[in-house]
> 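Dropping a structure here in structure tokens format, bear with me for questions.
Every value quoted in this text rests on a predicted model; they were computed, and no experiment measured them. Just the heavy atoms: all of them, side chains too, but no hydrogens, waters or symmetry mates, feed the values below. Along the sequence shown, residues carry numbers from 1.
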Amino acid sequence: MTAPADGERPLLAVEDLRTYFLGTPGPVRSVDGVSFELNSGSTLGIVGESGSGKSVLCRSIMGLLPRQGVERGGRVLFKGADTSNLTEAQRRALWGREMSMVFQDPMTSLNPVMIIGKQITESLRLHLGLSKDESRKAAIDLLSSVGIPEPDRRFSEFPHQLSGGMRQRVTIAIALACQPSLLFADEPTTALDVTVQAQILDLLSAEQQERHMGMILVSHDLGVVAGHTDEVAVMYAGKIVEKAPTARLFSSMRMPYTEALFNSMPRLEDESHRRLAAIKGRPPSLVDLPRGCSFAPRCPYAQARCLEEEPQLRTDEKNPEHSFACWYPVDGPKSARSVPRNAPESVEA
């Protein structure tokens, strides 16, 4: 992760962030005590299965949450200022101008009855005060910069007239229109074919480096974040369970859940039609979390202590940038512990 200059504060500091959705069975602990920092020019990857809290974390940081039925806690410091208690008008001034998001489904995030160009120019006119002609020229330049051919013609087209990859490029253009300092990319390659996925990820990385933005890249796939991030945080049951610089995470992962995600990735060297390795069991209910470690019911290495005591995020003794939450950490992506430890009968192997 790119270190800030001496005396420079981080672009984003999240401190013990909590987001609980209130309901009849009890609060849904979607984000439960998450803390991290992000510097300008750095990219943080957040990975985990569906329902682990990744998207809610991003929306919580931006303030894109329902007005009622939500219990919030912790602090979000953006450029040193606490954004936790901003008014709606103050948040709207931040959205687009200072922080933006690329959503995972461009067909639902784009307005289907509004031409592409107008969806880009409205933020340019609102936040930057550009005239109609100036905003049109800026929008066409943006479409060209994200790799859309014939931007003048595409400017007047509707979302349904574009392919999935082109629509995702449009959402990136909208997010980058006002040159934000912080960009959230929430599973930006969902439902795209592999070739287009690579193009979109390379485009995001190039734009992030050119504009020196901080970026948070959300994915359920470790392979997606491998070559496009400086640091990776692994989420499970609303918490960060492992965090490290990207290269170190892949070479020396310690959390069994991270190892399980790694082992579930398909590999080119595997035999044809080989069955993919899946993580057994299901993620826990965020309304009724199990006692002890939330991953213990699915972990092949779990022992009695795992069922009784919840491990806290702790720093690796040999590398202070690497932290993990596990009583019995593994030794890397191809752990020597190929035979699981003896688990209690109540733990599903």
Side-chain angles (χ1 to χ4, degrees), residues 19 28-32 34 36 38 43-62 64 101-109 164-165 168 171-172 183-205 215-244 246 249-250 253-268 270 275-286 289 294-295 297-299 324-326 330 333:
T19 302
V28 179
R29 300 179 180 182
S30 297
V31 178
D32 196 9
V34 170
F36 65 87
L38 178 69
T43 300
L44 171 68
I46 300 180
V47 296
E49 294 170 287
S50 297
S52 60
K54 309 182 301 295
S55 296
V56 176
L57 172 61
C58 294
R59 290 173 178 268
S60 299
I61 295 170
M62 287 195 69
L64 294 172
M101 183 178 292
V102 178
F103 296 95
Q104 60 180 287
D105 185 359
M107 200 58 194
T108 56
S109 60
Q168 194 61 287
T171 64
I172 293 173
L183 179 69
F184 296 90
D186 186 6
E187 303 209 34
T189 58
T190 298
L192 300 178
D193 64 61
V194 176
T195 303
V196 177
Q197 280 187 23
Q199 294 173 353
I200 294 298
L201 291 171
D202 289 343
L203 171 62
L204 283 170
S205 295
M215 185 167 74
I216 294 179
L217 176 61
V218 175
S219 179
H220 60 272
D221 186 350
L222 277 172
V224 166
V225 302
H228 298 86
T229 60
D230 301 297
E231 191 175 24
V232 177
V234 181
M235 287 193 71
Y236 188 77
K239 299 177 182 289
I240 290 180
V241 296
E242 185 164 15
K243 183 164 69 70
T246 304
L249 184 88
F250 279 85
M253 56 189 65
R254 309 305 307 279
M255 177 67 188
Y257 178 61
T258 310
E259 182 190 58
L261 288 176
F262 181 87
N263 290 336
S264 66
M265 294 168 53
R267 292 169 176 77
L268 290 175
D270 288 345
R275 184 181 294 274
L276 295 176
I279 304 176
K280 295 183 178 180
R282 297 181 179 180
S285 168
L286 298 181
L289 292 170
S294 297
F295 187 60
R298 309 173 69 190
C299 180
F324 54 90
C326 183
V330 296

> Is the backbone N or O of G48 less than 3.5 Å from a side-chain atom of K54, with the two atoms forming a donor-acceptor pair by type?
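Here the side-chain-to-backbone pair exists.
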> Hey, could you give me the SG/CZ distance between C326 and F295, rounded to the nearest 0.5 Å?
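Result: 9.0 Å between the selected atoms.
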> If you take all heavy atoms of T171 and S109, which pair is closest and at what distance?
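So the two residues come closest at CG2-OG, 3.8 Å.
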> Would you indicate whether the side-chain heavy atoms of F324 and V241 approach each other to under 4.5 Å?
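Side chain of V241 against side chain of F324, heavy atoms only: no contact under 4.5 Å found.
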> Would you say that F103 contacts T108 through its side chain, given a criterion of any heavy-atom pair below 4.5 Å between the two side chains?
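Of all side-chain heavy-atom pairs linking T108 with F103, none is under 4.5 Å.
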> Just wondering, do P284 and P297 contact through their side chains at under 4.5 Å, heavy atoms?
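Answer no - side chains too far apart.
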> Please check: side-chain N/O of E259 versus main-chain N/O of R254, any donor-acceptor pairing under 3.5 Å?
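No.
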> Might you point out which heavy atoms bring S219 and V224 nearest each other, and give the distance in Å?
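Residues S219 and V224, closest heavy atoms: OG-CB, 3.6 Å.
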> Would you call F184 and L57 a side-chain contact if the rule is heavy atoms closer than 4.5 Å?
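When only atoms from C-beta onward are counted, L57 and F184 do not touch, as no gap falls below 4.5 Å.
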> Please round to the nearest 0.5 Å and tell me the distance separating atom NE2 of H220 and atom OG of S55.
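The NE2 atom of H220 sits 11.5 Å away from the OG atom of S55.
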> To the nearest 0.5 Å, tell me how far L276 CG sits from S264 OG.
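L276 atom CG to S264 atom OG measures 8.0 Å (nearest 0.5 Å).
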> So Q168 and P188, do their side chains get closer than 4.5 Å, heavy atoms only?
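Yes, close enough: below the 4.5 Å cut-off.
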> As a test of understanding, state which of L38, L44, T43 forms a side chain to side chain contact (heavy atoms under 4.5 Å, CB included) with E231.
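Result for side chain to side chain contact (heavy atoms under 4.5 Å, CB included) with E231: L44.
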> With a 4.5 Å limit on heavy-atom distance, are the side chains of S294 and L289 in contact?
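Heavy-atom side-chain distance check passes, below 4.5 Å.
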> Quick one: do the E242 and T258 side chains pair a donor with an acceptor below 3.5 Å?
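Distance-only check passes for E242 and T258.
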> Where the side chain of T246 meets the backbone of T229, is there a donor-acceptor pair that is under 3.5 Å apart?
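Such a contact is found between T246 side chain and T229 backbone.
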> Taking all non-hydrogen atoms of both residues, which atom of I240 and which atom of F36 are closest, and how far apart?
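Heavy atoms of I240 and F36 come nearest at CD1-CD2, 4.2 Å.
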> Please report the interatomic distance CG(D32) to OG1(T19), rounded to the nearest 0.5 Å.
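OG1 of T19 is found 9.5 Å from CG of D32.
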> Write down the atom of C58, the atom of M101, and the distance for their closest heavy-atom approach.
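Taking every non-hydrogen atom into account, CB-CE, 3.7 Å.
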> Using side-chain heavy atoms (C-beta onward) and a distance below 4.5 Å, is V232 in contact with K243?
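Not touching, per the 4.5 Å side-chain cut-off.
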> Using atom types as modelled and distance alone, determine if a side-chain donor or acceptor of R29 lies under 3.5 Å from a backbone N or O of L286.
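Pair absent, no side-chain N/O of R29 close to backbone of L286.
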> Heavy atoms, side chains only, cut-off 4.5 Å: are V225 and V218 in contact?
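The answer is no, as the side chains (C-beta and beyond) never meet within the 4.5 Å cut-off.
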> Going by distance alone, is a donor N or O of one side chain under 3.5 Å from an acceptor N or O of the other, for Y236 and E49?
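Per modelled atom types, Y236 and E49 side chains form no pair under 3.5 Å.
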> Suppose we screen for side-chain contact (heavy atoms from CB on, under 4.5 Å). Which residues come up paired with H228, at least two apart in sequence or across chains?
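side-chain contact (heavy atoms from CB on, under 4.5 Å) check on H228 returns L201, D202, S205, L217.
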> How many angstroms lie between CG in L204 and CG in L183, if you round to the nearest 0.5 Å?
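The distance works out to 6.5 Å.
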> Ignoring hydrogens, what is the shortest heavy-atom contact between P283 and R298? Give both atom names and the distance.
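Smallest interatomic distance, heavy atoms only, reads N-NH1, 3.4 Å.
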> For residues G165 and V196, report the shortest heavy-atom separation together with the two atoms involved.
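For G165 and V196, the tightest heavy-atom pair comes out as CA-CG1, 3.7 Å.
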> Identify the residue among D221, V234, L249 that makes a side chain to side chain contact (heavy atoms under 4.5 Å, CB included) with V47.
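That would be V234.
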